[in-house]
Amino acid sequence: MAKEITSRSEDYAQWYIDIVKKAQLAENSAVRGCMVIKPHGFAIWENIRDQMDRMFKETGHQNAYFPLFVPKSLFEAEEKNAEGFAKECAIVTHYRLKNDPDHPGKLIVDPAAKLEEELVVRPTSEAIIWNTYRDWIQSYRDLPLLLNQWANVVRWEMRTRLFLRTAEFLWQEGHTAHATAEEAVAEARQMLDVYAQFAEEWMAMPVIKGAKTANERFAGAEDTYCIEALMQDGKALQAGTSHFLGQNFSKAFDVKFLNENNQQEYVWATSWGTSTRLIGGLIMTHSDDDGLVLPPRLAPVQVIIVPIPKPSEALSEAAEKIMRALRAKGIRVKYDTDMKNRPGFKFAEHEMRGTPVRLGLGERDLLANQVEVARRDTKEKTNVSLDGIADYVETLLETIQQNLFNRARTYRDSHTTPADTFEEFQHILDNKGGFVLAHWDGDGATEEKIKELTKATIRCIPFDGEKEPGKCILTGNPSAQRVLFARAY
RNA sequence: CGGGGCGUAGCGCAGUCCGGUUAGCGCACCUGCUUUGGGAGCAGGGGGUCGUGAGUUCGAAUCCCACCGCCCCGACCA
């Protein structure tokens, strides 16, 4: 047993922190609210990034890069967006330091170096991007404009948590321009589908697609779509959002195009984003009290070969042969050449780091022409013949990927509960947790009241929800379909 | 940003209430030997501005003040 990880049942929040730190994914830095992403954590992010990037390219998008700083006058141009982010912006006011005359060796901000106009450190890039798009778009032939950027953004959060909410985080933000509202909505929906597909097929994290209520909508959006996942403690995590921005930004930044009839029209917009928060979701979907559990498709190392008791000429030679066969199939495999630690220590270590498959290879295995195959997800161990080991491992990795998804979906489904009365609703939230499907009258004030009473919010109005009429659990007013409630991160 | 808790070696902690020689312990680290199929044992060794700053005092990890950070609860938050 891993002695150092707090168990989930004892203290879920501490368990999460323990996993992040013990699996060496990230740690707090000298900067308030900002984390250092360590090599293992960053390798996971690189895998997430690379695959999502492929999916963006396959759907016709290109990457570009826009500045970190947004002049305040541009930032405030789209009023709702500016208002929504105003409370959490870092602002650059000066561009120079100078020696402090009163304290040798110390520096002070040079008051003579005050900027004419303050620069907002981007909390999101709509403003700077739409200001740029104005010059890029003249005609319907320039549309659609389909760009994405991989970047860091800063949101001065009051309370931060590693990966889930940090003051600076890495993300991707897509920003597209279209000739018609229909086309923009279709784009926003398409990208939500891309997110859902990525979450389910790569992260093995089942998600529910839906629309946000007006209260939960992105500042400046006409409509916000999202994917919502359920964590092991019964709380929901918003894993990605895609927004139909209407003409709000094109009007704010005066982005017009000439249509086929030679008439000026404002452009229709979308934006969509996912962040390093996904890693938090990945952790809380699959990991256990022994450490991180990674889906094979995103694991930096998919197979670790542990020589028992330690590397020797014969064992290393056998390991090399296995590695060649696995690599020929595109499997990421590593041989543990550490001479210092004993096998038991290494087993625990690799489990902590979430490596999906471990091959234990000792002299007695060589004699029997076999290897011990251990699965991280189920902890099962099997002896497998070295003949055809690559095929076996290839199949096993797919099996693990599928098993993790099925396991998470079973959990999610068994923690998605309908409620027809407010008492029932509250009881489920307090005792079982998870998603609660309940009727809501569509009124923002009702939503607020429910949140106040239960701390649960409407995660989304599911797209695939049955159009089953009913009565709002709070007001009794008519409702057309159940919406998805949960307490959330 | 409000309430509570905490900050002593890389990590986890004792010591602080009640000031007093050279600040301890476990893990980790270094060296050696014995070990090695689920987190090894023994022996020796290195590592500290006690979160930061300013005070009180002959003397401060310990008392006072301010600040910073972390964790929890709340408010806030795509």
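Here is how names work: the chains are called A, B, and so on, in the same order as the sequence lines, proteins then strands, and each is numbered from 1.
- In the model, A:Q197 has no side-chain atom that pairs as donor or acceptor with a side-chain atom of A:D193 under 3.5 Å.
- Taking the six-membered ring wherever Trp is involved, the centroid distance between the rings of A:F169 and A:F163 does not fall below 6.0 Å.
- Between B:U21 and B:U16, the two P atoms lie 13 Å apart (nearest whole Å).
- Distance CG (A:D336) to C1' (B:G38): 14 Å, rounded to an integer number of Å.
- Rounding to whole angstrom units, CG of residue A:L366 and C1' of B:G37 are separated by 13 Å.
- The gap from the P atom of B:U52 to that of B:C68 amounts to 15 Å, rounded to the nearest Å.
- Atom pair A:M158:CE and B:C77:C1' shows a separation of 10 Å (rounding to whole Å applied).
- Across every strand in view, B:C27 sits in a pair with B:G10 that passes the Watson-Crick or G-U test at under 3.5 angstrom.
- By the 6.0 Å and 45° rule, A:R189 stacks over the aromatic ring of A:F463.
- Spacing between B:A43 and B:A61 at atom C1', rounded to whole Å, works out to 32 Å.
- Base engagement by A:E363 is indicated by at least one non-hydrogen atom pair under 4.0 Å involving a base atom.
- Look at A:R342 and you won't find any side-chain N or O under 4.0 angstrom from OP1 or OP2 of B:U35.
- For the C1' atoms, the distance linking B:A9 with B:G51 amounts to 14 Å, nearest Å.
- Heavy-atom distances to RNA chain B give each of A:K451 and A:A13 a nearest nucleotide, and the one nearer the 5′ end belongs to A:A13.
- At the heavy-atom level, A:W272 lies nowhere under 4.0 Å from the strands shown.
- Of the candidate nucleotides B:G39, B:G37, B:C77, B:C77 has the atom lying nearest to any side-chain atom of A:R165.
- Mapping A:A488 and A:A374 onto RNA chain B by nearest heavy atom places A:A374 closer to the 5' end of the strand.
- Using a 4.0 Å heavy-atom criterion, one finds that A:D365 contacts the bases of the nucleic acid, with or without backbone contacts as well.
- Taking 3.5 Å as the limit, the base of B:C76 and the side chain of A:R159 contain no donor-acceptor pair of atoms between them.
- Spacing between atom NZ of A:K87 and atom P of B:C77 amounts to 5 Å, rounded to whole angstrom units.
- Taking atom P on both nucleotides, B:G10 is separated from B:G55 by 28 Å, rounded to a whole Å.
- Between the side chain of A:E351 and the base of B:G38 there is at least one donor-acceptor pair of N/O atoms closer than 3.5 Å.
- No N or O donor and acceptor, one from the side chain of A:N28 and one from the base of B:G69, sit under 3.5 Å apart.
- Across the strands present, B:C18 finds no partner; the criterion is a Watson-Crick or G-U wobble pair with both atom distances under 3.5 angstrom.
- Dashed line: the shortest gap from a side-chain N or O of A:K340 to OP1 or OP2 of B:C29 is under 4.0 Å.
- Atom pair A:Y489:OH and B:C72:P shows a separation of 10 Å (rounding to whole Å applied).
- With rounding to whole Å, A:E349 atom CD is found 16 Å from B:A40 atom C1'.
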### Message
side chain to side chain donor-acceptor pair (under 3.5 Å), that's the test. Do A:S125 and A:E173 meet it? Break it down for me.
### Response
CA-CA 8 Å; A:S125 302; A:E173 47 180 325; 2.6 Å; yes
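- Side-chain contact annotation: A:E372 with A:N383, donor-acceptor N/O pair under 3.5 Å absent.
- Going from atom CZ of A:F85 over to atom P of B:C76 covers 17 Å, rounded to whole Å.
- Looking at the side chain of A:E157, the nearest of the listed nucleotides B:C77, B:C71, B:G39 is B:C77.
- Here the separation of B:G26 from B:G44, taken at their P atoms, is 12 Å to the nearest Å.
- For B:G2, the paired base is B:C73 (Watson-Crick or G-U wobble, both distances below 3.5 Å).
- Nucleotides B:C6 and B:C13, compared at atom P, are 12 Å apart to the nearest Å.
- Taking the six-membered ring where the residue is Trp, the centroids of A:H61 and A:W272 are separated by under 6.0 Å.
- Comparing the P positions of B:U36 and B:G48 gives an interatomic distance of 37 Å, to the nearest angstrom.
- Summarising the base pairing, B:A61 is matched to no nucleotide, lacking a Watson-Crick or G-U wobble pair whose two defining distances lie under 3.5 Å.
- For A:F425 and A:F485, the ring centers are positioned less than 6.0 Å apart.
- Across all strands shown, A:G33 has heavy atoms under 4.0 Å from sugar-phosphate atoms exclusively, and none from any base.
- Note on A:R358: a base of the nucleic acid sits closer than 4.0 angstrom, heavy atoms only.
- Straight-line distance from the NZ atom of A:K455 to the C1' atom of B:A75: 11 Å, rounded to whole Å.
- Base pairing of B:C33 is made with B:G41, judged by Watson-Crick or G-U wobble geometry with both donor-acceptor distances under 3.5 Å.
- When heavy atoms are screened at a 4.0 angstrom cut-off, A:P123 is found touching base atoms of the nucleic acid.
- When the shell of 6.0 Å around NZ of A:K321 is examined, it contains 12 or fewer heavy atoms from other residues, nucleotides or ligands.
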